[in-house]
**Student:** 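Quick one: structure below, then a few questions.
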Amino acid sequence: MPDETTSSPQITPDHYPANAPPEPISAEKLALKRRYPTSFDLRARAKRRLPNFAFEYIDGGAGAADTGINRNWAALDAVEMLPRYGNVIAPPPTDIELFGQPYSAPIGIAPIGGPGTGFPGAETYFARAAQAAKIPYTLGMLSAITIEQAAQIAPDVLWLQLYRFARNEHKIGLDLVRRAGDAGVKVLMLTCDTPVRTTRPRETKSGIVNPFKLTNRLRMDALSSLPWFLSLMRNGIPRFVNLRPYMDTDPSMEAAAKFMRTEGGGAFTWDEIARYRDHWNGPMVLKGVMHPDDAERVVSLGLDGMVVTNHGGRQIDALPASVDVLPSIAAAVGEKSTIILDSGIRSGVDVARALALGADVALSGKAFLWSLGALGGRGPEHMIDLFKDDLAATLGQLGCLAPAELRTVKTRHPGAYTADEL
Ligand SMILES: Cc1cc2nc3c(=O)[nH]c(=O)nc-3n(C[C@H](O)[C@H](O)[C@H](O)COP(=O)(O)O)c2cc1C
């Protein structure tokens, strides 16, 4: 939580090398910054370039009118931050340390299941860009590259997200945990924010059905987009390869969807979370905390952190914006746990808002997917640049010399849940 009594931080001589020249920037990067200066410019291009089902899969939310997605954006937009001037002379560095590891900025790529539907090869492109920029990349368990392959591409920054596989005493889930440890995964993330399967109308209307089936309509739609189709040729048809050792058929999306229904489903219970804690020695976080009492429980089970999230507005559209419950969660456990925020993060300003309200780091899902749809494999690198440049500028504008100083910024947050409401 922002500290009411702290005054604006003072500059010291070692904050900047004297008159450091600006970092050189390539002509290609400059052109991208001029043509696509925000994530919404990437979104518009992705909409034009992707097959309809792919865009609807990555962009659509729960409910008839994406109210949950819009609420996340509106809630972030409503958060104001009060600047203090007189101590910043250049955009400050954005580096942070998280779970004892250095990262170049407090922004990471959120776990995405089946991102190859949005753009084939997505996992490889995400992993490469995150490793090059040194930001966290959370591989979704439902991925088209294995944990081991991802760890080779992104050895310094790989996190892994797990859904629940409860059959046979969690044999599969615990084996995935073992593989993650052997592969050197930095952080294990258990997902709790999807206890049930809900409907995303835009996805359904685009022809994606549950259980998944590759229909002629989807095939025709895929052929309508040259960039998407070429990336499919280059990277192959996405298969849920992490599950291959446990399935007796090829892990096609159809077969894997059926397999998931018999083996998995539901969200981890508190007892199960405690059990996974015993099997994982590294940092472990729970994804899907929206109430301070749940946050306290995460801490009491010995987890290292939590993701405050409403699953990006994709579950039901009546959930609060995650940023609106963040301050009460930060007040409850901010001193003793690492708080990660996602849902609606589109810019470095949004990242700054999250940190000013008590988060240690923010994740983004859709913005990174839009970047792939717009620019293919070059997209994630550009999106990371946008996040970092915008965050550095925001820090400078607010009078902060480092991301940690955002906690000292005074905020006005009209949508915040109060203690009485929780
Ligand atoms: C296409 C798509 C697929 C997703 N799949 C998963 C998943 O498999 N596991 C998971 O924990 N979260 C999943 N998420 C949720 C994200 O991890 C994250 O919570 C959300 O995208 C954040 O909101 P934002 O998209 O507004 O940034 C998915 C999100 C999207 C957009």
Side-chain angles (χ1 to χ4, degrees), residues 39-40 42-43 46 50 53-62 66-77 107-119 122-123 126 136-144 159-165 176 187-195 197-198 200 202-203 206 208 212 238 240 242-243 253 256-257 260 264-265 267-268 285-290 306-315 317 319 321-323 340-347 350-351 353-354 359 361-373 380 383 387:
S39 60
F40 272 24
L42 296 169
R43 181 180 186 232
L50 287 176
F53 72 78
F55 185 73
E56 295 301 275
Y57 174 62
I58 65 174
D59 193 71
D66 286 346
T67 321
I69 290 180
N70 292 322
R71 181 177 300 115
N72 282 329
W73 292 343
L76 282 161
D77 286 340
I107 178 71
I109 303 178
I112 308 290
T117 308
F119 199 77
E123 296 90 341
F126 283 151
Y137 169 45
T138 320
L139 181 74
M141 188 197 81
L142 299 175
S143 56
W159 300 11
L160 177 73
Q161 172 263 330
L162 279 193
Y163 278 128
R164 179 174 178 269
F165 281 105
L176 286 160
V187 176
L188 183 68
M189 181 186 289
L190 302 186
T191 288
C192 249
D193 58 15
T194 47
R197 176 147 188 128
T198 59
R200 288 188 286 273
R202 283 174 55 193
E203 197 179 289
S206 77
I208 298 179
F212 182 79
F240 289 144
N242 268 328
L243 302 180
M253 288 178 73
M260 289 281 294
F268 291 97
V285 302
L286 186 71
K287 176 168 186 275
V289 171
M290 290 290 281
M306 63 201 71
V307 188
V308 177
T309 172
N310 62 21
H311 205 83
R314 291 167 68 83
Q315 281 299 98
D317 57 1
L319 303 185
S322 50
V323 71
I340 304 163
L341 180 97
D342 81 20
S343 298
I345 300 287
R346 301 145 293 170
S347 64
D350 285 344
V351 176
R353 287 174 165 127
V361 57
L363 304 180
S364 173
K366 286 190 278 293
F368 284 112
L369 289 162
W370 297 333
S371 77
L372 270 182
M383 193 59 239
F387 271 124

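Every number for a ligand or one of its atoms is a count from 1 in the order of the listing. Along the sequence shown, residues carry numbers from 1. Just the heavy atoms: all of them, side chains too, but no hydrogens, waters or symmetry mates, feed the values below.
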**Student:** Tell me whether D342 has any N or O atom under 3.5 angstrom from an N or O of ligand 1.
**Tutor:** yes
**Student:** Ignoring hydrogens and geometry, is there a side-chain-to-backbone donor-acceptor pair from S39 to R346 under 3.5 Å?
**Tutor:** yes
**Student:** Which ligand 1 atoms does G365 reach within 4.0 Å, using its non-hydrogen atoms?
**Tutor:** 21 (O), 24 (P), 25 (O), 27 (O)
**Student:** Check whether any side-chain N or O of S364 sits under 3.5 Å from a backbone N or O of I345 as a donor-acceptor pair, and report yes or no.
**Tutor:** yes
**Student:** Under 3.5 Å, is there a donor-acceptor pair between the S343 and T309 side chains?
**Tutor:** yes
**Student:** Cationic tip of R200 within the cone over F53's six-membered ring, i.e. under 6.0 Å and within 45° of the normal?
**Tutor:** no
**Student:** Backbone, side chain, both or neither: what part of K287 comes under 4.0 angstrom of ligand 1, heavy atoms only?
**Tutor:** side chain
**Student:** Mark up the atoms of ligand 1 that fall under 4.0 Å of a heavy atom belonging to K366, in ascending order.
**Tutor:** 24 (P), 25 (O), 26 (O), 27 (O), 31 (C)
**Student:** Does either side chain, that of D59 or that of W370, offer a donor lying less than 3.5 Å from an acceptor on the other one?
**Tutor:** yes
**Student:** If you count the atoms of ligand 1 from 1 in the order shown, which ones are under 4.0 Å from a heavy atom of S364?
**Tutor:** 27 (O)
**Student:** Is P111 close enough to touch ligand 1? Criterion: a residue heavy atom under 4.0 Å from a ligand atom.
**Tutor:** yes
**Student:** Are the ring centres of F119 and F126 closer than 6.0 Å?
**Tutor:** no
**Student:** Considering the heavy atoms of G344, write down every atom of ligand 1 situated less than 4.0 Å from one of them.
**Tutor:** 23 (O), 24 (P), 26 (O), 27 (O)
**Student:** May I ask you to identify the nearest protein heavy atom to atom 9 (N) of ligand 1, giving residue, atom name and distance to one decimal place in Å?
**Tutor:** Y163 OH, 2.9 Å
**Student:** Does a side chain donor of either Q161 or T191 reach within less than 3.5 Å of an acceptor in the other side chain?
**Tutor:** yes
**Student:** Of all the heavy atoms in I58, does at least one lie under 4.0 Å from an atom in ligand 1?
**Tutor:** yes
**Student:** Enumerate the atoms of ligand 1 whose separation from the nearest heavy atom of T309 is less than 4.0 angstrom.
**Tutor:** 19 (O)
**Student:** How far is atom 5 (N) of ligand 1 from its nearest protein heavy atom, and which residue and atom is that?
**Tutor:** G113 N, 2.8 Å
**Student:** Among all the protein's non-hydrogen atoms, which is closest to atom 1 (C) of ligand 1, and how far away is it?
**Tutor:** R314 NH2, 3.3 Å
**Student:** Could you pull out, from L162, I112, T191, the option with a heavy atom nearest to atom 11 (O) of ligand 1?
**Tutor:** T191
**Student:** Does K287 have any salt bridge (Lys or Arg N to Asp or Glu O under 4.0 Å) partners at least two apart in sequence or in another chain, and if so, which?
**Tutor:** D193
**Student:** Just by distance, no angles: are the side chains of S143 and N242 close enough, under 3.5 Å, to form a donor-acceptor pair?
**Tutor:** yes
**Student:** Examine the proximity of ligand 1 to M189 and report which part, side chain or backbone, both or neither, has a heavy atom under 4.0 Å away.
**Tutor:** neither
**Student:** Should L142 be listed as contacting ligand 1, given a heavy-atom distance under 4.0 Å as the test?
**Tutor:** no
**Student:** Looking at R71 and L319, would you say the former's side chain and the latter's main chain have a donor-acceptor pair under 3.5 Å?
**Tutor:** yes
**Student:** Need the ligand 1 atom indices (1-based, order shown) with element for anything under 4.0 Å from a heavy-atom of S343.
**Tutor:** 22 (C), 23 (O), 26 (O)
